[in-house]
Amino acid sequence: PAFGLFIFTIARDPLRIIILIAGAFFWLVSLLLSSLIWFIAVKASDPQDERLQKGLLIFGVMFSVLLQEAFRFLYYKLLRKAIEGLVALSEDGCSPISIQQMAYVAGVGFGLMSGAFSMINLLADALGPGTVGIHGDSQLYFLTSAFMTMVLIFLHTFWGILFFHGCEHRRWWEIAAVVIMHLAVSGSSFCNPLYVGSLVPSYLLMVAAAAWAYLLSGGSAQNVRRFLLCKC
């Protein structure tokens, strides 16, 4: 369902495809930098110290989240400049795409690249060696990983809308809320293999972020009611 966002809302518009690919690139660069810093920190530390290694892992995850949000802000600034250029080049003085649409497409770009890397890691684990659950652990690893990948794609989409809205209207508390939610979802992964501890909070945050993004985009409860009743 998550990859359907691209097929049904982006694939037919060349400008949106460019924005999506650029957003995916920004997320990729943030992952590369955070991975490089974590790798250097691990190599410079004592590999026998389990407590230190766990601390470095937590640091790596939290630093990666902050770096992703920093690159989301840089991407917003870039798109803001792009809108000014599009307005200057257009004949009617209007941009062919709004900042709200850019926020959505950029969020999908971040989410799809995040989901692609999650799936790559999942497939790498599926190659073996070993069998999931052979030592009494949960056999739901692959299923829960797929659900977690899906929720991250949707969350990045909603976070993009909230983050750009906060930047556009200088509501820094909205940006802080996105960062806190991102840290909470990433931090919940440390509850695994107790998958309920990570999946349930993540999906609850996804529902809250979806409702918030919907309202900021101009949606209303009346529109939802009309949609559910199949009224035009």
Side-chain angles (χ1 to χ4, degrees), residues 2 23-24 26-42 44-45 47 49-75 106-122 124-125 132 137-138 140-164 166 172-213:
F26 268 71
W27 186 91
L28 193 60
V29 173
S30 71
L31 178 66
L32 176 62
L33 291 178
S34 59
S35 300
L36 180 62
I37 293 174
W38 176 79
F39 179 78
I40 294 174
V42 169
S45 62
D49 191 339
E50 295 185 1
R51 185 175 181 181
L52 176 60
Q53 294 302 316
K54 184 177 181 179
L56 287 176
L57 179 61
I58 296 175
F59 161 77
V61 171
M62 299 300 125
F63 181 78
S64 177
V65 169
L66 296 177
L67 199 58
Q68 287 177 47
E69 297 306 327
F71 269 79
R72 198 193 302 271
F73 177 74
L74 291 176
Y75 192 41
V108 175
F110 270 62
L112 287 181
M113 184 55 69
S114 173
F117 264 79
S118 297
M119 291 304 298
I120 289 173
N121 293 332
L122 185 62
D125 291 337
V132 176
D137 296 327
S138 174
L140 301 177
Y141 170 70
F142 294 114
L143 182 62
T144 53
S145 296
F147 276 103
M148 195 65 186
T149 298
M150 183 178 70
V151 75
L152 279 174
I153 295 174
F154 281 122
L155 278 171
H156 270 293
T157 303
F158 303 140
W159 288 338
I161 297 173
L162 298 176
F163 195 97
F164 277 43
W172 306 118
W173 60 272
E174 290 183 351
I175 299 174
V178 170
V179 175
I180 291 172
M181 283 191 288
H182 199 167
L183 288 170
V185 171
S186 298
S188 67
S189 63
F190 292 108
C191 295
N192 297 334
L194 182 61
Y195 297 114
V196 175
S198 59
L199 279 178
V200 173
S202 298
Y203 271 84
L204 290 177
L205 281 175
M206 184 191 72
V207 172
W212 192 0

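Note that the structure is predicted; figures quoted are calculated from it, not measured.
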TODO: If the plane angle is over 60° it's perpendicular, under 30° parallel, otherwise tilted; pick one for Phe71 and Phe26.
DONE: perpendicular
Mind checking side-chain contact (heavy atoms from CB on, under 4.5 Å) for [X] and listing every partner two or more places apart, or none if nothing turns up?
X      : answer
Leu31  : Trp27, Ser34, Ser35, Phe117
Leu32  : none
Leu52  : Ser45, Asp49, Leu56
Val207 : none

Considering non-hydrogen atoms only, spot the tightest contact between [X] and [Y] and give its length.
X      : Y      : value
Ala106 : Tyr75  : CB-CE2, 3.4 Å
Leu57  : Trp38  : CA-NE1, 3.8 Å
Ser30  : Leu67  : O-CD2, 3.3 Å
Leu205 : Ala184 : CD1-CB, 4.2 Å

Open item on the list: Would you say that more than 12 heavy atoms from the other residues, nucleotides or ligands in this model lie under 6.0 Å from the CH2 of Trp212, or not?
Closed with: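 Yes - once you tally the heavy atoms of other residues, nucleotides and ligands closer than 6.0 Å, there are more than 12.
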Open item on the list: Around atom CZ of Phe147, are there more than 12 heavy atoms from other residues, nucleotides or ligands closer than 6.0 Å?
Closed with: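 Check fails, neighbour count at 12 or below.
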Task: Spacing of CG belonging to Leu28 relative to CG belonging to Leu33, to within rounding of 0.5 Å - done: 10.0 Å
- [ ] Could you grab the distance from atom CD1 of Ile58 to atom OG of Ser189, nearest 0.5 Å is fine?
- [x]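 Here the rounded value is 9.5 Å.
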Taking distance alone, no hydrogens or angles, what donor-acceptor pairs closer than 3.5 Å link side-chain atoms of residues 154-163 to residues at least two apart or in another chain?
residue, atom, partner, partner atom, Å
His156, ND1, Arg72, NH2, 3.1
Thr157, OG1, Ile153, O, 3.0

Open item on the list: Does any part of the side chain of Ser118, heavy atoms only, come nearer than 4.5 Å to the side chain of Met148, both counted from C-beta?
Closed with: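 No; the side chains remain at least 4.5 Å from each other.
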Open item on the list: Measuring only between side-chain heavy atoms, which start at C-beta, is Glu69 closer than 4.5 Å to Phe110?
Closed with: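 No, every pair of side-chain atoms sits at 4.5 Å or beyond.
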Task: Side-chain donor or acceptor of Thr149 paired with backbone N/O of Ser145 under 3.5 Å - done: yes
- [ ] Apply side-chain hydrogen bond (donor to acceptor under 3.5 Å, both in side chains) to Ser114 and list each qualifying residue two or more places apart in sequence or on a separate chain.
- [x] none
